[in-house]
Colleague: 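Structure in structure tokens, see below.
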Amino acid sequence: MRGIRTRDPLLTAGLVICLLLAVTALLAPWLAPDDPGRMGGPRLAPPGPEHVLGTDVLGRDVLSRLIHGARVSLLIGWLSVLTAAFLGAGVGLAAGLGSRKADRTLMALTDAFMAFPRIFLVLLLVSVARASVGHVVVVLGLSGWMPVARLVRAEALSLKQRSFVAAARGLGLSPWRVARVHVLPNLLPTLIVAAALRVGGAILAESFLSFLGLGVQDPTVSWGLMIQQGRDHLLDGWWLATFPGLAITLTVVGYNLLGDGLRARFDPRREDGHD
Amino acid sequence: MSRFTGSFGFWVLQRIVGSVLLLVVLCSAVFWVVRLAPGDPLDQVTGEGMTAADRALVRERLGLDAPVGRQYLHWLAGVAHGDWGVSLSQHRPVADILAEAVPSTLLLTLSAYALHLVLALLAAVAMAAWRGTVRARLLNVAGLVLYSLPSFWFGLMAILVLGLHTGWFPLGGMRSPDAAFMGPWASLLDVLRHLVLPVAVLALGSFMGTARFLRASLEEALGQDYILAARARGVPERLILWRHALRNALLPLVTQVGLYLPFLLGGAVVVEVVFAWPGMGRVTVDAIWSRDYPLIMATTALAAVMVVTGSLVADIGYHFLDPRVRLAGRREGA
């Protein structure tokens, strides 16, 4: 991408954090000092030379679990955001380029979905779908597409006015082709920024679900799950809940810096507005 | 267009009808999500080793023997007049449970929102006053880190440090076990003590969003001619910021109140779970664990009702506060 070389130190910091985390997740089996599931060490050993971040109640190495947890958190974060972006782009394009009636119906649907506080929507969906990585991705995707749809619709509506889109329509190209070839490529920067801004929120949502025991289940390692397991040992094992929380915070800070910086680059007009 | 269809009153009427329709759609969605999920809803209630006759009895008792369409209409009608069914896990009317949980949630969220607004206001004014300096950047980054904290973990750490280690604050709940024996003042103080940590966690974790929004409108206000005129008259910079600019920058914030409700309620869910606060979020999560579907459906629908009503009130309130929007709305409605 052309816009990455920058003087904005916050964007650079976000980029570095996100890249480091991605590398950690990819190389987890080689970076981790131990198998995340091996119950080899002493139980509840505090951080020390043997186990840098200590061990949990079952004698598993916390650092190794943290490193492997990055995989699950990032995977769920990205997949759920991609799902949401895909759904949102579909609805937004159909609304922006379709008939007025389609537009009104789809936007009413979007507004209806947005009226739920997201967490209640997530909890409602989770209550009918039992916990697994796949379900968490679907649930977070289904509860997160609405802001993307609004954004894409607004962009599509303004692109529709531009002469090259009008020309393509005038030439009698099919709506599908106009959307795919002429509108979608122009939307990509917006979509990428929107996605980057949402990864942090998705990771937070996943960790909360796993913390509640409604997300990722035990043999799989997740930061939220580690915090839940450390909750009962706040006094005799403070490190159990502390380090995964720091890992989540670092990740979310990284993605928020990245998203903020990219937005400032691509769209300097819109300072903020939380959605 | 007649005078009536262009009037403010008509616009309000339109908004109210729209909100009611939206609520019908949302409540229907809640019903169908739960009902279309695979599996017999009865399996979630009945244990193994029940005879077919017992199952049939339970099915009848819960009204699950009627056609789905009739169950749906029955549920909608119940929601409309406050009959939310009977909780499967607590064996008492859902409405009673909600009547206990909703005030707790409102106490928590409204206190948190008050603190949220104060913090946002201070941060926004500070960032505008220190524009371009290192201090402003530091404040911005600090706010971003707070904004990125997982609030359930933030809450746990607050409990660990300020509750377990120092003993300054209670570890959770809304009242001490011996609250029943306290006088009215002591009991009030007891609730306030329990309120401190959850409110602080909720407000600290969220104020930066509003602070940034406020800063943007503050900076816009600072660029206006009347500010220049005030400066020319020699009005002190502090007064310009707090009195002249802030007053105009605050108005758009009213629109944010409606948009903010979902976040407030959602944040409360997380904090209620960590601090064992007896509100709607905690009730919902407990209901999921015990597969108490009438209760899950009720809290979700109620959250939607609160959000839709809240944004309607905020919307109408904004029109009363700002005559410019009132006129624009009238033209749009015509």
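Naming: A, B, ... by sequence-line order, numbering from 1 per chain.
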Colleague: Answer with side chain, backbone, both or neither: which region of Thr251(A) has an atom nearer than 4.5 Å to a non-hydrogen atom of chain B?
Modeller: neither

Colleague: With side chains defined as the heavy atoms from C-beta onward, is the minimum distance between Phe211(A) and Leu156(B) less than 4.5 Å?
Modeller: yes

Colleague: Sort Leu22(B) into side chain, backbone, both or neither according to what part of it lies under 4.5 angstrom from a heavy atom of chain A.
Modeller: side chain

Colleague: With rounding to the nearest 0.5 Å, note down the distance linking CG in Leu234(A) to CG in Leu160(B).
Modeller: 5.0 Å

Colleague: Between Ile248(A), Leu121(A), Leu125(A), which has the largest tally of heavy atom pairs under 4.5 Å with chain B?
Modeller: Ile248(A)

Colleague: So for Val30(B), is it side chain, backbone, both, or neither that comes closer than 4.5 Å to the heavy atoms of chain A?
Modeller: both

Colleague: Where on Leu246(A) is there a heavy atom nearer than 4.5 Å to chain B: the side chain, the backbone, both, or neither?
Modeller: both

Colleague: At their closest point, which heavy atom of Met157(B) faces which heavy atom of Thr242(A), and how far apart are they?
Modeller: CE-OG1, 3.6 Å

Colleague: Between Leu21(B), Asn140(B), Val274(B), which shows the greatest number of heavy-atom pairs under 4.5 Å with chain A?
Modeller: Val274(B)

Colleague: For residues 105-115 of chain A, which residue pairs qualify under salt bridge (Lys or Arg N to Asp or Glu O under 4.0 Å), counting only residues two or more places apart or in two chains?
Modeller: Asp111(A)-Arg150(A)

Colleague: Going by heavy atoms in the side chains, are Leu144(B) and Asp260(A) under 4.5 Å from each other?
Modeller: yes

Colleague: Should Pro150(B) and Val252(A) count as side-chain neighbours, where that means a heavy-atom distance under 4.5 Å?
Modeller: no

Colleague: Hey, which of Ala29(B), Ala304(B), Ala303(B), Gly267(B) has the most heavy atom pairs under 4.5 Å with chain A?
Modeller: Ala303(B)

Colleague: Examine whether an atom of Val308(B) lies under 4.5 Å from a heavy atom of chain A, and if so say whether it belongs to the side chain, the backbone or both; otherwise answer neither.
Modeller: side chain

Colleague: Using side chain to side chain contact (heavy atoms under 4.5 Å, CB included), reason through Leu214(A) and Trp289(B) one step at a time and then give a plain yes or no.
Modeller: CA-CA 9 Å; Leu214(A) 298 168; Trp289(B) 278 113; 4.2 Å; yes

Colleague: Between Thr300(B) and chain A, with a heavy-atom cut-off of 4.5 Å, which part of the residue counts as in contact: side chain, backbone, both or neither?
Modeller: both

Colleague: Do you know which two heavy atoms are closest between Leu204(A) and Ser148(B), and how far apart they sit?
Modeller: CD2-O, 3.9 Å

Colleague: Evaluate the side-chain proximity of Leu124(A) to Ile296(B): yes if any heavy-atom separation is below 4.5 Å, no if none is.
Modeller: yes

Colleague: Report the option among Leu23(B), Val141(B), Thr284(B), Ile159(B) that has the most heavy-atom pairs separated by less than 4.5 Å from atoms of chain A.
Modeller: Thr284(B)

Colleague: Quick one: of Met306(B), Arg137(B), Met297(B), who has the most non-hydrogen atom pairs under 4.5 Å with chain A?
Modeller: Arg137(B)

Colleague: Minimum heavy-atom separation for Phe152(B) and Ser207(A), please, with both atom names.
Modeller: CE2-OG, 3.4 Å

Colleague: Short question: side chain of Trp153(B), backbone of Ala241(A) - any donor-acceptor pair under 3.5 Å?
Modeller: yes

